[in-house]
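Below: the structure, in structure tokens.
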Amino acid sequence: MSPTLKRCLLLLTTCLLLTGCWDRKELNQLAITSATAIDWDGKVWTVSYQVVIPQSITNTGGNSGQQAPVMVFSTSGGTIRGTVQKSSLEMPRSLFFAHNRIVIIGEKAAEHGISQLLDVYLRNPDSRETVNLLVTGGEGRKILEQIIPLEKVPGSAIQNMIRNEDNNGSNNKQVKLYQLMMGSSSDAPYTLIPEIIISGEGDNNTIASLKNTSFPNKLKLGRTAIFKKDKLVGWFTKDEEYGNNWITNQIKKTTLYFGCSKESTEYRMAIRFDHAKTKLKPIFSDHGPLMMQVHVKAIGNIVENACPTDPTQPKDIQAIEQAAGAEIIRIMGNSFQAAIKKKVDIFHLADLIHKHDPTRWRQLKPDWDQQFANLQMDPQVDVKIARIGMSGKAYREIIKGGEE
């Protein structure tokens, strides 16, 4: 090989190894999408986009505070990706979905099935499977149009709302798109997705509403949607979802309210739980129905006491622990009965049996719906109080003692 040819080959190889900016896009050419909504009218998909207006969310520049922080627009078509393509007909910038925080699913789209949406996220590199999913009883676009106080970008505000509730309240759990994909392909293909609603009357869709100190309406987390594979099949109440989270070991931190005794339903005491652990174990019987053993261990601190008990006394602290345990059993029982009535294995007991006893699962699988309908629960709850706070008796009792 001649020296000249060698130099040409070396130059060509070097050029091939160099990285380039052939697909570079300038920031002022992109429309950053913070939230997306999917609706279905029976014939076509309608995709709504909440696009951030950069100059209105920065603290510099004269337009800050004078323009809405986002704009919402919609496109419709037979395919979801086709509607994205149509956005170029009315949008001067290319839609950029890498910072998309949430996807709101309208009720009709949820009932129709969202497998087409899941397919889009699997195939396109600019879509992320970690976006949060929420369902609304009406149109998803209406949720995107709402302005939220304290936060400039509503999409981020909604994501923070469900994340905060997940970490500190545990009444609703955040569900990401990849979790729906995993749940829909399991032996128990059920996934629970939180609902978001407009609470109150009217809309907060103008920047003028931010000048008020109170609002007649606001966005709020509501019920829980039950998805079987990719379709909406029913709803759970907030209390039923809370019980499910206790059964399925999804309690991170929560405050439990309960009565002064195991039998009382007049809530006057509260415990803040920072540690909770639940174990599920199926119990098989040759002559009886399948049993699901639920064992909960929880450690918490007393954060409110209006009962005539003195937590400094061993017998009283034991009574408080028993009352809290009875309330957890009641909450789990209500959720369990709701799931049995709807015949939805939201506890993923089928996956548990399949994982630990594949032979038994092969026997149960053909008749699993009937087996689950006859399922019984055996709850066991151990509550321990770590701290009672800086006071023994309830303040009400202290005042009463002073009067005597």
Side-chain angles (χ1 to χ4, degrees), residues 164-174 192 224 236-283 291-340 346-349 352 375-398:
N164 181 54
E165 170 56 28
D166 186 357
N167 293 331
N168 297 298
S170 296
N171 288 282
N172 294 91
K173 306 299 294 183
Q174 59 177 337
L192 301 181
T224 300
F236 271 162
T237 65
K238 190 177 289 296
D239 288 341
E240 290 167 349
E241 164 68 356
Y242 188 45
N244 171 66
N245 292 335
W246 275 104
I247 293 175
T248 54
N249 192 33
Q250 296 190 82
I251 297 292
K252 295 179 181 176
K253 296 179 181 179
T254 188
T255 301
L256 178 76
Y257 308 91
F258 54 98
C260 298
S261 65
K262 292 194 294 184
E263 297 77 18
S264 176
T265 57
E266 184 182 359
Y267 296 161
R268 298 173 66 182
M269 179 168 280
I271 293 179
R272 176 69 175 175
F273 288 105
D274 294 328
H275 303 282
K277 183 73 174 179
T278 303
K279 290 185 178 179
L280 294 181
K281 182 180 179 181
I283 306 296
M291 182 79 71
M292 182 177 70
Q293 189 178 76
V294 183
H295 191 187
V296 178
K297 289 185 177 180
I299 301 175
N301 307 321
I302 297 177
V303 292
E304 184 177 350
N305 181 16
C307 295
T309 53
D310 185 357
T312 60
Q313 301 300 315
K315 63 178 182 59
D316 284 358
I317 200 79
Q318 187 177 11
I320 294 171
E321 291 173 344
Q322 291 176 351
E327 179 65 14
I328 294 174
I329 290 176
R330 186 192 67 79
I331 293 171
M332 293 194 302
N334 290 342
S335 177
F336 177 79
Q337 292 302 328
I340 293 297
I346 57 172
F347 315 116
H348 289 271
L349 194 62
L352 187 66
L375 181 68
Q376 295 185 4
M377 183 176 71
D378 176 22
Q380 300 174 13
V381 178
D382 296 326
V383 172
K384 296 295 181 186
I385 296 176
R387 286 183 288 274
I388 64 172
M390 299 178 68
S391 177
K393 290 184 178 180
Y395 192 67
R396 171 188 295 182
E397 299 301 318
I398 294 174

Problem - side-chain contact (heavy atoms from CB on, under 4.5 Å) between I331 and D239, intermediate numbers included - result: CA-CA 7 Å; I331 293 171; D239 288 341; 5.9 Å; no
Handout entry: Sequence neighbours excluded, every pair satisfying side chain to side chain donor-acceptor pair (under 3.5 Å) that has a member inside residues 296-310
Key =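 Non-adjacent pairs meeting side chain to side chain donor-acceptor pair (under 3.5 Å): D310-T312.
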Problem - Heavy-atom neighbours of Y257 OH exceed 12 at 6.0 Å - result: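 At most 12 heavy atoms, drawn from other residues, nucleotides or ligands, come within 6.0 Å of this atom.
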What distance do [X] atom [atom1] and [Y] atom [atom2] have between them, rounded to the nearest 0.5 Å?
X    : Y    : atom1 : atom2 : answer
I346 : F236 : CD1   : CZ    : 3.5 Å
Y267 : L256 : OH    : CG    : 8.0 Å
Q313 : I388 : CD    : CD1   : 9.5 Å
I283 : M292 : CD1   : CE    : 11.0 Å
M332 : T248 : CE    : OG1   : 10.5 Å
N245 : L192 : CG    : CG    : 8.0 Å

Locate the shortest heavy-atom distance separating [X] from [Y]; write the atom from each residue and the value.
X    : Y    : value
C307 : G259 : SG-C, 4.5 Å
E240 : N334 : CG-O, 4.4 Å
Y242 : S170 : CD1-O, 3.6 Å
A324 : V383 : CB-CG1, 4.1 Å
I320 : P311 : CD1-CG, 4.1 Å
F336 : M377 : CZ-N, 3.6 Å

Problem - Cationic N near anionic O, under 4.0 Å, E241 to K238 - result: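 Salt bridge flag = no for K238 with E241.
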Problem - Any donor-acceptor N/O pair, R268 side chain to A306 backbone, under 3.5 Å - result: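 Yes; at least one donor-acceptor contact below 3.5 Å.
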Exercise for the section: Measure from the side-chain N and O atoms of T278 to the backbone N and O of H295, and report whether any donor-acceptor pair falls under 3.5 Å. Expected result: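 Not a single qualifying donor-acceptor pair exists.
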Problem - Polar contact flag, side-chain donor to acceptor under 3.5 angstrom, S264-E266 - result: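 Judged by distance alone, the side chains do not pair up.
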Practice task
Go through Q250 and N244 one step at a time and tell me if the side-chain contact (heavy atoms from CB on, under 4.5 Å) criterion holds.
Solution key: CA-CA 8 Å; Q250 296 190 82; N244 171 66; 4.1 Å; yes
Practice task
Under the salt bridge (charged side-chain N to carboxylate O under 4.0 Å, His left out) rule, collect the residues that match up with E321, sequence neighbours excluded.
Solution key: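 Testing E321 for salt bridge (charged side-chain N to carboxylate O under 4.0 Å, His left out), a comparison that skips the adjacent residues, returns none.
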Practice task
With sequence neighbours left out, write down each residue that passes salt bridge (charged side-chain N to carboxylate O under 4.0 Å, His left out) with K252, or none if nothing qualifies.
Solution key: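 Result, salt bridge (charged side-chain N to carboxylate O under 4.0 Å, His left out) vs K252: D166.
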Problem - With E165 via side chain to side chain donor-acceptor pair (under 3.5 Å) - residues at least two apart - result: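 E165 satisfies side chain to side chain donor-acceptor pair (under 3.5 Å) with N171 once adjacent residues are dropped.
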Pairs under 3.5 angstrom only: tabulate donor-acceptor contacts from the side chains of residues 270-277 to other protein residues two or more places apart or in another chain.
{"from": "R272", "atom 1": "NH1", "to": "N168", "atom 2": "O", "distance (Å)": "2.9"}
{"from": "R272", "atom 1": "NH1", "to": "T255", "atom 2": "OG1", "distance (Å)": "3.2"}
{"from": "R272", "atom 1": "NH2", "to": "N168", "atom 2": "O", "distance (Å)": "3.3"}

Exercise for the section: Output every pair passing salt bridge (Lys or Arg N to Asp or Glu O under 4.0 Å) with a member in residues 378-387, not counting sequence neighbours, ordered by first then second residue. Expected result: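 Counting only pairs at least two positions apart or across chains, no salt bridge (Lys or Arg N to Asp or Glu O under 4.0 Å) contact touches residues 378-387.
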Exercise for the section: Start with the C-alpha distance between R330 and F258, add both sets of side-chain angles, then the distance that settles side-chain contact (heavy atoms from CB on, under 4.5 Å), and finish with yes or no. Expected result: CA-CA 11 Å; R330 186 192 67 79; F258 54 98; over 6 Å; no
Problem - Chi angles and distances behind the side-chain contact (heavy atoms from CB on, under 4.5 Å) call for T254, W246 - result: CA-CA 10 Å; T254 188; W246 275 104; 3.9 Å; yes
